[in-house]
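Okay, so here's the structure we're looking at.
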Amino acid sequence: MAILVTGGLGFIGSHTVIELLSSGYEVVIADNLSNSEISVLDKLKKLSNKTIAFYEIDVTDKDKLELIFLNHEIDGIIHFAGYKAVGESVVNPLSYYYNNLMSTISLAELASKYDVESFVFSSSATVYGDNVSPFKEDMPLLERTNPYGETKAMSERILSDYSKTEPTKKITLLRYFNPIGAHESGLIGEVPKGIPNNLMPYITQVASGKREKLFIFGNDYDTPDGTGVRDYIHVVDLARGHVAALKKAKQGINIYNLGTGIGVSVLELIHTFIEVNQVDIPYEIVERRPGDIAVSYADTSKAERELGFKTVKTVEDMVRDAWRFEKNLIK
Ligand code: NAD
Ligand code: UDP
């Protein structure tokens with residue numbers, strides 16, 4: 001069973017490749033290295049001790065993408081490739097719409113042409129907008145505040161419409177909550193280019209001395225300590241969720257939250273990081289970040305019931321593994 005993993009050298013994709021290989025799948029990766037390094041491929045081979053076919057291509061380029069379907073018998077696609085920085089999407093909306101939508105459309109066209117049984121798409125909790133947590137898969141989606149979020153909602157719509165035309169195919173939309181952490185080996189993890197947008201990579205860079213202090217975006221939210229609450233999920237748990245989705249999805253459209261169901265505040269995450277890793281994280285409270293919501297966490301019951309998926313890693317595991325990876329980067 002060969003699975004095409006687009007964006008397979010990126011943060012979530014690389015961890016998913018490891019889980020796929022250890023579950024017996026053959027993996028073909030397509031990545032244009034726009035937000036990853038080729039060195040990750042060697043690390044994946046080293047960690048898995050398996051062969052991995054790799055194509056350095058832009059998945060919006062359907063002609064090049066088609067070569068993969070001609071060269072391999074593709075049974076499933078997991079589509080991670082895309083741009084993901086919210087702020088950048090406000091500055092460059094067209095490149096976000098182009099990259100994130102054209103990649104999805106090209107892949108769906110080829111999935112149809114080559115009769116690919118399963119298609120798993122990386123969506124995001126951002127599609128829920130400012131709903132009341134816990135977010136449930138059947139909630140109406142509320143307005144997104146940025147083009148990135150809109151590309152996720154539009155891709156979901158495109159794939160839902162595609163599913164109606166090919167009802168025997170298994171199409172799965174996975175709405176990730178906040179993936180953090182790294183592989184236990186310390187070999188693969190998240191390597192943001194430039195200033196990190198997300199909380200965890202910012203914390204690890206403050207811990208390693210790359211940045212002076214963390215800025216906490218607001219402490220006047222309606223939450224227990226006033227800081228934003230999110231559902232952080234260990235990236236290895238998240239990766240396992242993809243294998244579960246490939247195995248258990250049914251014909252038609254399948255939508256699942258992948259989170260832990262537990263809300264953790266910014267201050268709680270920082271203090272857990274400090275306690276577990278015994279390093280200091282200086283921080284300053286600043287203004288709220290525009291577009292942020294107060295609370296986001298998942299209702300995980302559907303994924304548990306239908307996919308048999310349950311997270312096993314704790315917040316302590318997440319901060320320990322994230323720090324181990326960062327320390328390896330600075331060695
Ligand atoms: P990432 O940037 O680490 O990985 C994306 C990979 O896709 C990179 O290796 C990049 O080089 C590649 N890529 C981008 N555009 C491409 C293209 N046109 N052709 C080929 N390769 C391309 O991101 P990630 O954190 O691993 O996220 C993976 C997916 O999950 C993305 O679609 C993202 O929007 C989604 N997601 C991420 C998060 C998060 O917090 N990390 C949350 C929700 C959803
Ligand atoms: N956050 C913060 N400082 C940072 C980055 C993020 O205080 O430098 C806060 C942010 O306001 C939110 C939480 O951390 O409450 C998670 O933010 P992140 O960008 O990681 O994820 P998202 O907002 O996409 O859920």
Side-chain angles (χ1 to χ4, degrees), residues 5-16 29-38 40-41 55-61 64-65 78-87 89 95-96 98-104 106-107 120-127 145-146 148-149 151-152 155 174-180 188-193 195-203 205-206 211 213-219 221 223 226-233 235 238-239 242 258-259 263-267 269-270 283-297:
V5 182
T6 74
L9 297 187
F11 174 44
I12 307 169
S14 58
H15 290 81
T16 304
I29 296 179
D31 199 306
N32 67 356
L33 306 179
S34 58
N35 197 34
S36 53
E37 302 288 337
I38 190 65
V40 173
L41 183 61
Y55 291 79
E56 185 180 337
I57 55 162
D58 189 320
V59 297
T60 64
D61 185 337
K64 288 201 179 129
L65 194 58
I78 307 185
H79 178 33
F80 294 103
Y83 295 153
K84 63 165 181 177
V86 171
S89 79
S95 77
Y96 269 68
Y98 190 87
N99 197 43
N100 292 4
L101 297 183
M102 289 312 294
S103 58
T104 303
S106 302
L107 277 164
V120 178
F121 174 68
S122 300
S123 189
S124 164
T126 193
V127 297
T145 51
N146 57 75
Y148 166 73
T151 68
K152 292 297 174 193
S155 291
L174 296 179
R175 295 179 179 159
Y176 310 156
F177 282 70
N178 289 58
I180 61 170
I188 53 171
E190 187 172 13
V191 192
K193 287 194 171 155
I195 302 172
N197 298 292
N198 297 111
L199 180 59
M200 193 69 227
Y202 209 109
I203 292 177
Q205 292 198 1
V206 172
R211 309 207 175 264
K213 63 180 163 189
L214 174 75
F215 298 98
I216 296 181
F217 301 141
N219 67 347
Y221 285 105
T223 61
T227 64
V229 166
R230 296 290 182 274
D231 182 340
Y232 297 96
I233 174 170
V235 65
L238 185 68
H242 292 74
L258 292 182
V264 173
S265 76
V266 175
L267 281 171
L269 191 69
I270 295 170
Y283 61 80
E284 183 186 332
I285 310 287
V286 296
E287 288 294 291
R288 290 182 180 193
R289 182 171 63 180
D292 273 357
I293 60 172
V295 179
S296 158
Y297 61 91

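Both ligands and their constituent atoms are indexed starting at 1 by order of listing.
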Of all the non-hydrogen atoms in the protein, which one sits nearest to [atom], and at what distance?
atom                    : result
atom 25 (O) of ligand 2 : R230 NE, 2.7 Å
atom 9 (C) of ligand 2  : V266 CG2, 3.7 Å
atom 23 (O) of ligand 2 : R289 NH2, 3.0 Å
atom 3 (N) of ligand 2  : F215 O, 2.7 Å
atom 6 (C) of ligand 1  : G7 CA, 3.6 Å
atom 18 (P) of ligand 2 : N198 ND2, 3.5 Å
atom 11 (O) of ligand 2 : D292 OD2, 2.6 Å

Of the backbone atoms (N, CA, C, O) and the side-chain heavy atoms from C-beta on, which set of A125 has a member under 4.0 Å from an atom of ligand 1: side chain, backbone, both, or neither?
->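 None of A125 does.
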Ligand 1 versus N99: contacting region, heavy-atom distance under 4.0 Å =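 It is the side chain that gets close, since no backbone atom is under 4.0 Å.
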Could you check which of [options] puts a non-hydrogen atom nearest to [atom]?
atom                    : options               : value
atom 31 (C) of ligand 1 : Y176, F80, Y96        : F80
atom 17 (C) of ligand 1 : V191, D31, N32, T16   : N32
atom 41 (N) of ligand 1 : K84, R175, M102, M200 : K84
atom 36 (N) of ligand 1 : F11, Y232, Y148, Y55  : Y148

Audit row: I180, L269, side-chain contact (heavy atoms from CB on, under 4.5 Å) steps and yes/no = CA-CA 11 Å; I180 61 170; L269 191 69; 4.2 Å; yes
Around atom CD of E287, are there more than 12 heavy atoms of other residues, nucleotides or ligands at under 6.0 Å?
-> no
Per-atom contacts of ligand 2 with [X], taking only distances under 4.0 Å to non-hydrogen atoms:
X    : result
G228 : 15 (O)
N178 : 21 (O), 22 (P), 25 (O)
I216 : 7 (O)
N197 : 5 (C), 19 (O)

Mind telling me whether F215 and Y202 have parallel, tilted or perpendicular rings, with 30° and 60° as the class edges?
-> perpendicular
Over 60° means perpendicular and under 30° means parallel, so classify the ring planes of H242 and F80, tilted if in between.
-> tilted
Does an N or O from [X], backbone or side chain, lie closer than 3.5 Å to an N or O of ligand 1?
X   : value
N35 : yes
T60 : no
V59 : yes
I12 : yes

If you measure from each non-hydrogen atom of Y232 to ligand 2, which part falls under 4.0 Å: side chain, backbone, both or neither?
->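 It is the side chain that gets close, since no backbone atom is under 4.0 Å.
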Which is it for L199 and ligand 2 at heavy atoms under 4.0 Å: side chain, backbone, both or neither?
-> both
Based purely on interatomic distance, does F217 place a nitrogen or oxygen under 3.5 Å from a nitrogen or oxygen of ligand 2?
-> yes
Supply the atom-to-atom distance R230 CZ to D292 CG, rounded to the nearest 0.5 angstrom.
-> 5.5 Å
